[in-house]
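Report on the following structure.
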Amino acid sequence: ELRALDLQLVLDILRIEEQTERWAMMMRPAVDLLNDLFQVGDLDAAETLLTVVLDSTKPPASKERRQAALIAVDVLAAGPLMPHLVMHLATADDARFARIERVCAAIGEVLIRPLTEAISSESRARVRDRLTAILMSFGPAARREVERLKNSTNPAVRRTAIVLMREFVGREALPQLSALLADRESQVQREAVRAILRIGSDAAFQVLERALTAGEGAARDTMLASIASAREDGAGAFCAFLIGRIDHQGPLGPLYARAIELLGTLKDPADRKSTRLNSSHR
């Protein structure tokens, strides 16, 4: 009840205060109240107040009020808001997660850096995946933060970086993905392989070819296993590509034979080279 009275009081003052200086002074208690509301998970009240603040960042609000409201949004994003949201993401159902995602979208790109920092430090897969989904919703604006995640000491965060590179950067990410093929964590290697396969260009396939022909033992086995499991990501096309480029005799003979086996297992109907290459090398 006290929280509801606090909310009504702040909303009333923001509505009736005509002096811009006094109105701007209300931004600090408004941000404090928003943090309290997000901490306890009162999303209804938080969205009501947040809407008023965000509406004040746009015309027809005066320039002075817009400036005060924009500063308030920056302060909100830089404060404890993200830790509060992370706490709720662990247990939120899909409907509640959608509301949190909507709140983050409304606050805007100022949340990209806090989101990246939260992903970097989060160890729970469910929460990290949800944070990643929110970050991805910002589209190209989030691209600049991918590099921070790629260099994380946490393997799970590096895997998240691969997902983001795949979505935001595409073919331009090949040099970075190539470096991650040599990651010390096998799961990171697998995600890098899958990301390269999804790019699907000759340049991407050449990156994988170089890694496979240069790799030995466990590293090569990990990449081959990743290719075999990526049935929907152009694995068959890559196997056909590889068969056409390496010699079936000599030191790469075992790799050639393995590619033939994988191609037969994958049965990629979209790859028109498969039948021709199998026939010519039979």
Side-chain angles (χ1 to χ4, degrees), residues 125 129 132-133 136 143 146-147 149-152 155-282:
D129 289 346
T132 301
M136 290 172 62
R143 284 181 54 174
V146 172
E147 191 70 22
L149 298 178
K150 182 175 75 71
N151 295 322
S152 171
V157 174
R158 294 200 298 277
R159 294 199 300 274
T160 297
I162 292 172
V163 173
L164 293 172
M165 280 189 283
R166 188 173 64 200
E167 294 294 329
F168 295 147
V169 186
R171 297 182 181 185
E172 298 174 16
L174 276 176
Q176 298 157 307
L177 292 171
S178 177
L180 288 168
L181 288 174
D183 196 278
R184 59 185 178 274
E185 292 289 335
S186 60
Q187 289 183 333
V188 175
Q189 292 177 7
R190 291 191 188 98
E191 289 297 334
V193 168
R194 293 176 68 89
I196 293 172
L197 287 173
R198 287 193 65 179
I199 292 173
S201 64
D202 283 352
F205 287 170
Q206 287 168 13
V207 167
L208 271 185
E209 177 196 357
R210 287 193 295 269
L212 281 170
T213 54
E216 296 180 355
R220 180 182 288 177
D221 290 342
T222 297
M223 283 187 280
L224 287 171
S226 301
I227 293 167
S229 65
R231 296 177 179 272
E232 75 286 4
D233 290 333
F238 170 70
C239 288
F241 174 88
L242 185 64
I243 292 166
R245 289 175 62 89
I246 63 175
D247 192 349
H248 65 284
Q249 297 178 332
L252 294 180
L255 177 59
Y256 182 96
R258 181 64 175 136
I260 288 284
E261 293 173 3
L262 283 177
L263 189 57
T265 301
L266 292 165
K267 299 177 181 177
D268 186 353
D271 178 42
R272 292 177 293 180
K273 295 181 181 179
S274 299
T275 303
R276 183 174 70 253
L277 286 169
N278 273 324
S279 300
S280 63
H281 290 284
R282 190 171 295 156

- Going by heavy atoms in the side chains, are Leu149 and Val157 under 4.5 Å from each other? yes
- Item | Contact summary for Ile196 and Ala204, nearest pair of heavy atoms | CG2-O, 3.2 Å
- Task: For residues Leu212 and Ile227, determine if any side-chain heavy atom of one lies less than 4.5 Å from a side-chain heavy atom of the other.
- Result: yes
- Who passes salt bridge (Lys or Arg N to Asp or Glu O under 4.0 Å) against Arg245, sequence neighbours left out? Glu209
- Task: Kindly indicate whether the side chain of Leu255, heavy atoms from C-beta on, has any atom under 4.5 Å from the side chain of Leu242.
- Result: yes
- Non-hydrogen atoms of Leu262 and Ala228 that approach each other most closely: CD2-CB, 3.4 Å
- Message: Counting C-beta onward and ignoring hydrogens, is there a side-chain heavy-atom pair between Leu177 and Val207 closer than 4.5 Å?
- Response: no
- Over all heavy atoms of both residues, which pair between Ser226 and Arg190 is shortest? Give the atoms and the distance, please. OG-CG, 2.8 Å
- Note on the structure: Between the CG atom in Leu197 and the CE atom in Met223, the distance rounded to the nearest 0.5 Å is 11.5 Å
- Item | Matching residue for Asp183 among Gln189, Arg159, Arg158 - test: side chain to side chain donor-acceptor pair (under 3.5 Å) | Arg158
- Query: Looking only at heavy atoms, what is the nearest atom pair of Ala192 and Leu181, with distance?
  - Reply: CB-CD2, 3.9 Å
- Compare every heavy atom of Ala259 with every heavy atom of Cys239, then report the nearest pair and how far apart it is. CB-O, 3.9 Å
- Message: The criterion is side chain to side chain contact (heavy atoms under 4.5 Å, CB included); which residues satisfy it with Glu261, sequence neighbours excluded?
- Response: Arg258
- Message: For the NE2 atom of His248 and the CD1 atom of Ile243, what is their distance to the nearest 0.5 Å?
- Response: 12.0 Å
- Report yes if the side chains of Tyr256 and Gln249 come closer than 4.5 Å at any heavy-atom pair, otherwise no. no
- Query: Which pair of heavy atoms, one from Phe238 and one from Phe205, lies closest together, and at what distance?
  - Reply: CE1-O, 3.4 Å
- Message: Within this structure, what is the CZ-CD1 distance for the pair Arg198 and Ile162, rounded to the nearest 0.5 Å?
- Response: 13.0 Å
